[in-house]
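Computed over heavy atoms, backbone and side chain alike; hydrogens, waters and symmetry mates excluded.
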Amino acid sequence: MSSTVLRAVFPDRPPTKIDVVSGGLAGGLALLHGTWPAPGNGLRWEWIALGFVLGAIVLGPVAQSPVGKRIGTMARDLSIAARLVVMAIVITVTLVLATVVFPDVIFRNVSIGILAVIPFYVVGHVAVARELGGWKPASESDS
């Protein structure tokens, strides 16, 4: 990954198997969330597109900024139990604020867009890194 643009979007490490699995789960959750029957909460493509763009910005340039890298390092230094507690707090605060501030239709559609960008980001990261957590295709590992 020598391109400046790619370094601004993807980490300087290959994606791990956990990254790939979580990307697949996020995609599945986006599909489930988008197809779950909810009367009066139809899909609004403009809000989904906004969520997709916001998710891409946060996953790419914001995560690779000095502040984003510092937050990532702090998160990796936490134990699994501490990470779960932090995630529970962030999710709870987000849901409470979102339900108080935004109508359900907007929150639902923006969250579908954010979840939908994650699999695309993971596939892009794998394509750019050309390896998966230490595993390389046979054609490259032989040379």
Colleague: Restricting to salt bridge (Lys or Arg N to Asp or Glu O under 4.0 Å), what partner residues turn up for Arg44, sequence neighbours left out?
Modeller: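 Arg44 satisfies salt bridge (Lys or Arg N to Asp or Glu O under 4.0 Å) with Glu46 only.
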Colleague: About how many Å separate OG of Ser22 and CG of Leu29, when rounded to the nearest 0.5 Å?
Modeller: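 One gets 12.0 Å once the value is rounded to the nearest 0.5 Å.
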Colleague: According to ring-ring contact (aromatic ring centres under 6.0 Å, His included), does anything in residues 61-87 pair up with another residue at least two apart or in another chain? List the pairs.
Modeller: none
Colleague: Distance-only, no hydrogens or angles: does the His125 side chain make a donor-acceptor pair with backbone N or O of Val20 under 3.5 Å?
Modeller: no
Colleague: When you look at Val86 and Met74, which way does the side chain to side chain contact (heavy atoms under 4.5 Å, CB included) test go after all the steps?
Modeller: CA-CA 11 Å; Val86 169; Met74 288 176 4; over 6 Å; no
Colleague: Which pair of non-hydrogen atoms, one from Gln64 and one from Lys69, has the smallest distance, and what is that distance?
Modeller: O-CE, 3.3 Å
Colleague: Is it the case that one hydrophobic cluster holds both Val123 and Ile118, taking links as side-chain heavy atoms less than 4.5 Å apart, direct or via other members?
Modeller: no
Colleague: For residues 47-60, which side-chain donor-acceptor pairs fall under 3.5 Å, sequence neighbours excluded?
Modeller:
none

Colleague: For a quick test of reading the model, state the closest non-hydrogen atom pair linking Pro15 to Leu132 and the distance between them.
Modeller: O-CD1, 3.2 Å
Colleague: If two hydrophobic side chains count as joined below 4.5 Å and joins carry through other members, does Leu25 share a cluster with Leu31?
Modeller: no
Colleague: Return the CG to CD1 distance between Leu84 and Ile91, rounded to the nearest 0.5 Å.
Modeller: 9.5 Å
Colleague: Of all heavy-atom pairs between Ala129 and Pro14, which one has the smallest distance, and what is that distance?
Modeller: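 Heavy atoms of Ala129 and Pro14 come nearest at CB-CA, 4.0 Å.
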Colleague: Using the test ring-ring contact (aromatic ring centres under 6.0 Å, His included), find all partners of Tyr121 that sit at least two apart in sequence or belong to another chain.
Modeller: Phe10
Colleague: Nearest 0.5 angstrom please: Leu78 CG to Met87 CE, how far?
Modeller: 10.5 Å
Colleague: Which ring-ring contact (aromatic ring centres under 6.0 Å, His included) pairs, counting each pair once, include a residue from residues 59-81, with sequence neighbours left out?
Modeller: none
Colleague: Which pairs, with at least one residue in residues 73-85 and sequence neighbours excluded, count as a side-chain hydrogen bond (donor to acceptor under 3.5 Å, both in side chains)?
Modeller: none
Colleague: How close do Pro119 and Gly23 get, counting heavy atoms only, and between which atoms?
Modeller: CG-O, 3.3 Å
